[in-house]
Structures are given as structure tokens and as C-alpha cells.
Amino acid sequence: MFDILLVGSGVLWTITYLLIIRRGFLDHTYGMPLVALCANLSWEFIFSFVFPHGPVQRPINIVWFSFDLIIFYQLLRYGPCEFPRLPKKHFYGMVALALLTAFFTVVFITLEFEDFDGAYSAFGQNLMMSVLFIVMLHSRGSLRGQSLSIPLTKMGGTALASVAFLFFSVGYERSVLLPFLYCSILLFDALYVAMVFSAARPQPKTTA
């Protein structure tokens, strides 16, 4: 059951990546928050090639990493326009620093907690992503790079992974941190869904 839930989670997250890529090219922007994208790239690279997962999860990680590279390309291509007051060289320097910091953060969390399944770093950065999606929506003031289907598939994929680790994982039964992360991610994802739904609704016409 654990592997079945993870495969289901992987399918929904893959759809999420494809939706983000599509929306990014349509809107000429990037659809995943900068810091969250750097953390995602780092996690997927580390658990594909540095501390590779087993035969079920590793292929999913590699697929995700490939799609995240496309989103990273969108970040590099369209990102400077989202920071008009920041010189391009400073923007690219910020991206490089964020990627480097994210990579070693995931590595050191893995080593510190001996968490070679990557659960703590995965759900931790998932929560960060959920919060940053809300921040991105607010800061852009529009749905550029975003759509209702993106938070819905993200929420569904994360929910399946949360159920898998909560009820069927071995080694995390006594964790108090992970259940907190599961609930927090669900809360912020639901809030993000509500905000996107509200932003996508046609505004009533006002009459003088």
C-alpha cells in the first residue's frame, strides 16, 4: 500500500509540474516560487543521484528533476522581469546562492537526522512551497503562472504521500514533526486553493 500511494502521489505531482510548465510558457513567467524551486531541484537531484531511493521512487524523482529543470529554465528566462528593480546579474547571483544554500540544507538535514528517505526535508520544503505560492499570488496580484488545477493536484499528491508516511511507513512511527507538517501543508494548500478560486472568479460588473 505504501508504494501504491507513493506512485499515486508521483502521478499527481507530475501532473502538477506539467501544468506549471504549461502555464509558465503561456504567461511568459515561472510558476513555482524561486526558493521552493531551488529546494525542489536540490531534493530531487540528491535523492536521484547522491542518496538514490529504491526502484519505485527513484524513477519518479528523476522525472520530477527533469521537469524541474524546465521550470528552472523558465525562471532564468522570465525571472528578471519579475524583479524589475534588481539588475540581471544580481538576480542570477541570488538564484545561484539560493540553489547552493538549498542543496546543502537538504544534504545536512539528511545527514543530521539520518533520513535517507528524505521525508523530513521533503515535507519541510513542501510546507515552504505552500506558503510561498500564497506569497507569490499576493505579490503578483494576478494568476500569472498559476491556475486552479495546480494547487488541486499539488494538494492531492501531497495528501497521498502524507497518508503513506502516516499509516504505512517504517521508521517514522514516533515522529511528532511529520504529522505537524502533513496538517500544516494541507491547511496552506486549502487556503491557496480558495485564494486561486476567488481570484479566478469573474468579477461582477458595477453600474454607475
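At a cut-off of 3.5 Å, with distance as the only test, a side-chain donor of Tyr192 or Gln146 sits close to an acceptor on the other residue. When only modelled atom types and interatomic distance are considered, Tyr73 and Asp68 share no side-chain donor-acceptor pair under 3.5 Å. Side-chain contact annotation: Thr110 with Asp115, donor-acceptor N/O pair under 3.5 Å absent. A side-chain donor from one of Trp64 and Thr14 sits under 3.5 Å from a side-chain acceptor of the other. Side chain to side chain, Glu82 and Thr29 meet the donor-acceptor criterion of an N or O pair below 3.5 Å.
In this structure, CD1 on Ile185 lies 4.0 Å from CG on Asn126, to the nearest 0.5 angstrom. For the atom pair CD1 of Ile21 and CG of Leu69, the computed distance is 9.5 Å after rounding to the nearest 0.5 Å. Interatomic distance, CG of Leu26 versus NE2 of His28, reported as 8.0 Å (0.5 Å rounding). A distance of 9.5 Å separates OG in Ser149 from CD1 in Ile20, rounded to the nearest 0.5 Å. Rounding to the nearest 0.5 Å gives a distance of 3.5 Å between CG of Asp189 and NZ of Lys154. Atom CZ of Phe188 and atom CG of Leu132 lie 10.5 Å apart (nearest 0.5 Å).
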Take Phe47 and Ser121 through the test side chain to side chain contact (heavy atoms under 4.5 Å, CB included) and record every step on the way to the result. CA-CA 11 Å; Phe47 291 103; Ser121 53; 4.0 Å; yes
Would you sort out whether Phe133 and Met195 count as a side chain to side chain contact (heavy atoms under 4.5 Å, CB included), showing the intermediate values? CA-CA 10 Å; Phe133 265 123; Met195 292 176 66; over 6 Å; no
Under the side chain to side chain contact (heavy atoms under 4.5 Å, CB included) rule, what do Gln125 and Met128 come out as? Steps first, then yes or no, please. CA-CA 5 Å; Gln125 71 187 42; Met128 176 181 66; 4.2 Å; yes
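When the options Asp117, Asp3, Ile62, Leu6 are evaluated for a side chain to side chain contact (heavy atoms under 4.5 Å, CB included) with Gln57, the one that passes is Leu6. No option in Tyr172, Phe108, Phe165 other than Tyr172 meets the ring pair (Phe, Tyr, Trp, His ring centres under 6.0 Å) test with Tyr120. Checked against Thr153 for a side chain to side chain contact (heavy atoms under 4.5 Å, CB included), the options Val11, Leu18, Leu19 give a single hit: Leu19.
When all heavy atoms of Glu44 and Tyr17 are compared, the pair lying nearest together is OE2-OH, 2.6 Å. Annotation for Cys38 and Val95: closest pair SG-O, 4.1 Å, computed over non-hydrogen atoms. Scanning both residues, Pro59 and Gly54, for their nearest heavy atoms gives CD-O, 4.1 Å. The minimum heavy-atom distance linking Ala98 with Leu34 is given by the pair CB-CD2, 3.9 Å.
No side-chain donor-acceptor contact under 3.5 Å links Arg58 to the backbone of Pro52. The main-chain N or O of Leu76 is found under 3.5 Å from a side-chain atom of Tyr92 such that the two form a donor-acceptor pair. Looking only at distances, no side-chain donor or acceptor of Ser198 sits under 3.5 Å from a matching main-chain atom of Ala194. In terms of modelled atom types and a separation under 3.5 Å, the side chain of Ser139 and the main chain of Met136 share a donor-acceptor contact. Not a single donor-acceptor pair under 3.5 Å links the side chain of Ser162 to the backbone N or O of Tyr182. For the pair Asp27 (side chain) and Gly145 (backbone), a donor-acceptor distance under 3.5 Å is present. In terms of modelled atom types and a separation under 3.5 Å, the side chain of Arg140 and the main chain of Arg144 share a donor-acceptor contact. Looking at Trp43, its side chain never comes within 3.5 Å of a backbone N or O of Val106 through a donor-acceptor pair.
Residues Ile60 and Ile4 do not share a hydrophobic cluster, defined by chaining ILVMFWY side chains whose heavy atoms lie under 4.5 Å apart. The hydrophobic clustering, which links ILVMFWY residues whose side-chain heavy atoms are closer than 4.5 Å, places Leu187 and Leu181 apart.
With contacts defined as side-chain heavy-atom distances shorter than 4.5 Å, the pair Ile71/Leu75 does not qualify. Under the 4.5 Å side-chain criterion, counting only non-hydrogen atoms from C-beta, Phe51 is in contact with Leu111. No side-chain heavy atom of Leu97 sits less than 4.5 Å from a side-chain heavy atom of Met94. Looking only at side-chain heavy atoms (C-beta outward), Phe25 and Ile70 come within less than 4.5 Å of each other. A 4.5 Å side-chain heavy-atom check between Ser147 and Leu143 finds every atom pair outside the cut-off. A 4.5 Å side-chain heavy-atom check between Val193 and Leu148 finds at least one atom pair inside the cut-off. Side-chain contact between Phe67 and Trp13: absent, with no pair of heavy atoms (C-beta onward) separated by less than 4.5 Å. Between Val170 and Glu173, the closest side-chain pair of non-hydrogen atoms falls below 4.5 Å.
The aromatic rings of Phe45 and Phe103 are tilted relative to each other, their planes meeting at an angle between 30° and 60°.
For Phe83, the CZ atom counts as densely surrounded, since its 6.0 Å shell holds more than 12 non-hydrogen atoms of other residues, nucleotides or ligands.
Taking the six-membered ring for Trp and the full ring otherwise, Phe2 and Phe167 have centroids separated by 6.0 Å or more.
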